[in-house]
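Here is the naming used below: chain letters follow the sequence lines, and residue numbers restart at 1 for every chain.
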There are 2 protein chains.
Amino acid sequence: MCSSRIPPAETSVGEQPGRRYHHGNLRQALLEATVRLIEAQGIDQVSVRAVAKMVGVSPGAPFRHFPSKTALLTAVAEQAMDRLKEEIDKALAAAAGENALMRYRALGIGFFTWALGNPVHFQVISTRAVIDFEGSSLKARNDEIRAVMAGMMRDAQAEGLLRQGDPVRHAVAGRALGYGLARMYIDGQFPSWDLENLNPLQEVIGIFDQFIASIAA
Amino acid sequence: MCSSRIPPAETSVGEQPGRRYHHGNLRQALLEATVRLIEAQGIDQVSVRAVAKMVGVSPGAPFRHFPSKTALLTAVAEQAMDRLKEEIDKALAAAAGENALMRYRALGIGFFTWALGNPVHFQVISTRAVIDFEGSSLKARNDEIRAVMAGMMRDAQAEGLLRQGDPVRHAVAGRALGYGLARMYIDGQFPSWDLENLNPLQEVIGIFDQFIASIAA
DNA sequence: ACCTGAACACCGTTCAAGT
DNA sequence: ACCTGAACACCGTTCAAGT
């Protein structure tokens, strides 16, 4: 009945299930279906079985590609982190000639652009209960970004760009501010703060800029 | 065999299961068992059945007191929020005579004291995916605190205590900073930032103080 | 090599039946 | 009034068997 199955188009694996899957890139299809399921139902509603069904495959099939549900979600987080790093690298490249504080700003804007543009990915990365942060590439990647931020703040102080205070504490504060703002936006808290006039990214950048102005010399 | 059952001690419902429960305060016992289970296993491992077993009751019993698992966790969050409000009220009472910026600081310290002292409760309150934030008392309580913070920042500006910038943005930044710091601490990120010298509460307050100093006139 | 489909021990939730 | 215990439709995960 289906002896001449055509494989699904090389990279675009997000169409309607198409009854028979067999080969094709199941791994990537599962990752994409997981993201779509989180978008549609929320992260706590994700089940491996539902993802398998979306992709048209049996309940056990995903376990040939991911040893556990946690591993599946961790893989989604790793893809998310890769995209974040790209966004940050792009922003940093564009700000290469500027001073340390402006490079710090560029990094922050890269982060906000990514987080508000990919809320599901941000959510997965920041939901530690459900991913294996320590045992994956996530920790190293995260530490890289942290080190870059801390270094910039130190440079900013050395260049006399900071008004006062400990650069490490400023770096931590900036990170916490970024994390908290992204989270508040995604949790839908902006309307309560009367922050619905501008578009959210503009608003977040405005707040971040005010933070930078506060610590600047 | 057990015709003369003694009811469990009035309020202290956290002892070893004691085979037969029947009356007693099952509702409160379930809430406490839920907190202990999260402490021991993490929030994603909580199951109504496990909570029921901890308390020595059949799988269906909790549903007489909470319509759903979400309702159970939301009730835990509501108790948590009540304690947060107490902590904040206490801190504000102690700072009643001071200026708006110092009262803002007191509120912040109340929050940090609560969050670092009750990490499980903070985690439950901030895990939106698993509680009913909008449809409970949580939203109103949260809005109260937000309004107090925003009011203080406005007063601080009116009293000439702020160096520059929009007080609403400062208020949002302070909230995001507080949320982000508590979260970073609970996620175990402090060691990576070389923040393990002081005790965490001291460290967090130090960073918060530096933020306040940055925006102060 | 990759997938199916049955199986196991779990879940949340409901509901008749017990006390 | 409150709880039990069986039942239902789910889940994560494993594994023999198929192609």
Any Lys/Arg nitrogen of [X] or [Y] sitting under 4.0 Å from an Asp/Glu carboxylate oxygen of the other?
{"X": "A/Asp143", "Y": "A/Arg146", "value": "yes"}
{"X": "A/Glu39", "Y": "A/Arg36", "value": "no"}
{"X": "A/Arg141", "Y": "A/Glu78", "value": "no"}

Closest approach of [X] to [Y] (non-hydrogen atoms, all atoms of both residues):
{"X": "B/Asp132", "Y": "B/Thr74", "result": "N-OG1, 2.9 Å"}
{"X": "B/Arg128", "Y": "B/Ile125", "result": "NE-O, 4.0 Å"}
{"X": "A/Ala71", "Y": "A/Phe66", "result": "O-CD2, 4.0 Å"}

Give DNA chain D the dot-bracket treatment, 5' to 3': Watson-Crick (N1-N3 with N6-O4 or O6-N4) or G-U (N1-O2, O6-N3) under 3.5 Å, [ ] crossing, | other strand. ||.|||||...|||||.||
For [X] and [N], what is the distance between atoms [atom1] and [atom2] respectively, to the nearest whole Å?
{"X": "B/His65", "N": "D/dT4", "atom1": "NE2", "atom2": "C1'", "answer": "13 Å"}
{"X": "B/Lys53", "N": "C/dA9", "atom1": "NZ", "atom2": "P", "answer": "13 Å"}
{"X": "A/Gln45", "N": "D/dC10", "atom1": "CD", "atom2": "P", "answer": "13 Å"}
{"X": "A/Asn25", "N": "C/dA1", "atom1": "CG", "atom2": "P", "answer": "18 Å"}

Which residue in the set A/Phe111, A/Tyr179, A/Phe112 passes ring-ring contact (aromatic ring centres under 6.0 Å, His included) when paired with A/Phe208? A/Phe112
Which atom pairs link the protein and nucleotides 12-14 of chain D when you take only N or O atoms and keep those under 3.5 Å?
{"unit_1": "D/dG12", "atom_1": "OP1", "unit_2": "A/Val48", "atom_2": "N", "d": "3.0"}
{"unit_1": "D/dG12", "atom_1": "OP1", "unit_2": "A/Lys69", "atom_2": "NZ", "d": "3.4"}
{"unit_1": "D/dG12", "atom_1": "OP2", "unit_2": "A/Val48", "atom_2": "N", "d": "3.0"}
{"unit_1": "D/dG12", "atom_1": "OP2", "unit_2": "A/Arg49", "atom_2": "N", "d": "3.2"}
{"unit_1": "D/dG12", "atom_1": "N7", "unit_2": "A/Arg49", "atom_2": "NH1", "d": "2.6"}
{"unit_1": "D/dG12", "atom_1": "O6", "unit_2": "A/Arg49", "atom_2": "NH1", "d": "2.8"}
{"unit_1": "D/dT13", "atom_1": "OP2", "unit_2": "A/Lys69", "atom_2": "N", "d": "2.6"}
{"unit_1": "D/dT13", "atom_1": "O4", "unit_2": "A/Arg49", "atom_2": "NH1", "d": "3.4"}

Nearest-nucleotide wise, let me know which of B/Ser58 and A/Arg64 is further upstream toward the 5' end of DNA chain D. B/Ser58
Please confirm whether B/Tyr185 and B/Phe122 have ring centers closer than 6.0 angstrom. no
